[in-house]
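Here's the structure, in structure tokens; my notes come after.
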2 protein chains.
Amino acid sequence: MSNATIYDIAREAGVSIATVSQVINGKGKISDKRRQEIYRIMEELNYRPSVIASALTGKSTFTLGLLIPDISNPFFAEMARAVEDCGSRSKYSLVICSTDNKDEKVSGYLELLQQKSVDGIIIGTGVEDRDLLTPLLHKSIPIVMIAREMPGIQLPTVIVDDYAGGKKAAEHLLGLRHRSMAIITEPTKVSSSRERLRGFRDAIMSQGLELPDEMVKKTGENLLKDGKSRALELLAGSNPPSAIFCCNDLIAIGTLQAAKELGIRVPEQLSIVGFDNTILASVTEPALTTISQPTEKMGSIAVETLIRLLEGDSTAEEQARTILTPELVIRSSTASAFAGSEAHP
Amino acid sequence: MSNATIYDIAREAGVSIATVSQVINGKGKISDKRRQEIYRIMEELNYRPSVIASALTGKSTFTLGLLIPDISNPFFAEMARAVEDCGSRSKYSLVICSTDNKDEKVSGYLELLQQKSVDGIIIGTGVEDRDLLTPLLHKSIPIVMIAREMPGIQLPTVIVDDYAGGKKAAEHLLGLRHRSMAIITEPTKVSSSRERLRGFRDAIMSQGLELPDEMVKKTGENLLKDGKSRALELLAGSNPPSAIFCCNDLIAIGTLQAAKELGIRVPEQLSIVGFDNTILASVTEPALTTISQPTEKMGSIAVETLIRLLEGDSTAEEQARTILTPELVIRSSTASAFAGSEAHP
DNA sequence: TTGAAAGCGTTACCAG
DNA sequence: CTGGTAACGCTTTCAA
């Protein structure tokens, strides 16, 4: 039992498909009688216009693409949910694309999304080779960046001030009198991690302190596992730090696990600061002090910007850069640098 | 700069669009020379066939819909990732639909997916009103259920044996000599929760014990928060249980928080068993004993079944019911019933 | 081995 | 107010 088409409706109503199309789209002037009748028949035949056919004539597909590293990472899942909700309020549906931060996957998905004529794309994944994006820009398909920067390319962007976030982490730790701090970042291609590192380092240096190279570690793609290994290296080193700033909650949890494994007490002997304030941060023990991003807000702003672009609002076009402020959320994974050494002089 | 079409290629190559179409689809017999030339031109013009146009002629849209309660729930996010990965191996992309277990949203999304002519739908969300699905069944659009049952409707289904899962939880607790147990389930419309409850209760009763009604609590849609409230009720009651089986990890975490709030030690004074074995279970303190589902396997089996259906494999058609086995994962949130009362006589 | 033409379900323009 | 018809980009059948 295939679906009814506009022809079926027209035939049944004894009118032309043009008329039916007009009532569907609320255009033209159709007598109320006809209009009611046509509605009735559409109802009766359970008619639903084909988005495919309508898209072929140049109208929207009402589909948006979302590129993120990994939907199973709670931060991105929460973001996806916000994007989905906001999109669906305007009738858009969401195609999820997990890229694992791999450029090949990014370009594969980008191509796919084009072929499927999505109306717009939200990119929340690191892209190393910016040439991947330039072809898209010429194709007039709107893109907005979320949670990631694309330096060198002018694109509407919604981010938190990652630099400020890194700084807040450092200042919190500095305020707790930590002097020997380390950082574990995501791979360098992730712009937000680079900025967090910069902010963290600047805040430290502005106190006349150093952030030596051996105190800066990077993970690979497996955030949790690599976070743990890097933390193990740091903690087992000759000069272990008293605090570690982790560029996201997953890494922070890996670090927590490393400390547990080494019998290092958190926060007494080691302070840990995470980033993202995902649900994960609230369930660990101790609960994670972390830097929160307004995920929901970011998602909805990104979608709204995109939709404004779709509607041809060229105000939005030229670099709507929305920069939100990350907030320090203090829980129980950080403490004074001397909490664990009260016996000392 | 709009996209090149098949006409552009044909003109450039001095052939008809039919010929171009044939080389794209590897059909018909085209001289090698022409074929090479056409490939070259497609490359040169950066041509990508429009999925929309091709779908209109009756071919696939290469898009699948996934209905789940909430993409920001780690269990479903992990499942979505598995589905996405498996689908993308066969060139399918994934539209995410978070339903919050609401029938209106389910039917809204179902209708949307039809209008967009997705090739198939995977449903992993509770549906109360089975009549929502029957129209779909007549429309010959393949559906497979994942992690949820649709009693009364014959649909290929991939689930774990939830009854056995509930049983395993009870047996574990029983083995730990718990005698006073409670359960916190999801809303009744969630079939998997009903089964888990059944298995849990049966195992208890087969030991000649009871599961009184006041020891059975249900959450609303906010799993974490409601889980905590229900646990608080249980724990603050006149006859608090020594163990609580939570129908998913989120509820278990709520329960953990409730215990913490009341100063009840886990697992010494209260044992908690979760379900799903999401990443959350491994990061709490104490880490959750939980029943694990083979998420990844379920995702890939669901997609494979769906694709087989798409390809018209009627073997798959008639109720491919795949029932996988859930496993007990013992961590640190469960202990002997008497662990917390050693001082007693 | 190639091409002409019909058809997929809509929309939009123009005539009446 | 209503209908005829071209167009959207592609696939497929049938002739040549």
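Just so we're on the same page: letters track the sequence lines, and every chain starts at 1. Being a predicted model, the structure only gives us computed values, none of them experimental. We use all heavy atoms of the structure for the numbers below, so side chains are in, but hydrogens, waters and symmetry mates are not.
With respect to the salt-bridge test (charged N to carboxylate O, under 4.0 angstrom), the residues Lys297(A) and Glu304(A) do not qualify. Between Glu37(B) and Arg40(B) a salt bridge is recorded (basic side-chain N to carboxylate O distance below 4.0 Å). We find that Asp85(A) and Arg89(A) are not joined by a salt bridge, their nearest charged nitrogen and carboxylate oxygen being 4.0 Å or further apart.
The closest side-chain donor-acceptor pair between Ser93(B) and Lys116(A) falls under 3.5 angstrom.
As a whole-Å value, the separation of Asp8(A) CG from dC8(C) P is 11 Å. Protein atom CD1 of Ile9(B) is 18 Å distant from nucleotide atom C1' of dG3(C), rounded to whole Å. Put simply, CD1 on Ile38(B) is 14 Å from P on dC10(D), counting in whole angstrom units. Whole-Å rounding puts the Glu37(A) CD to dT2(D) P distance at 12 Å.
OP1 or OP2 of dT2(C) sits under 4.0 Å from a side-chain N or O of Arg34(B). The shortest distance between the side-chain N/O atoms of Thr19(B) and the OP1/OP2 oxygens of dT1(C) is not below 4.0 Å.
A heavy-atom distance below 4.5 Å is not found between the side chains of Leu66(A) and Ile96(B). Considering only heavy atoms from C-beta on, Ser88(A) comes within 4.5 Å of Tyr109(B) through its side chain.
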Problem - Contact pattern, 5' to 3', of nucleotides 9-16 of chain C - B, S or - by protein heavy atom under 4.0 Å - result: BBBB----
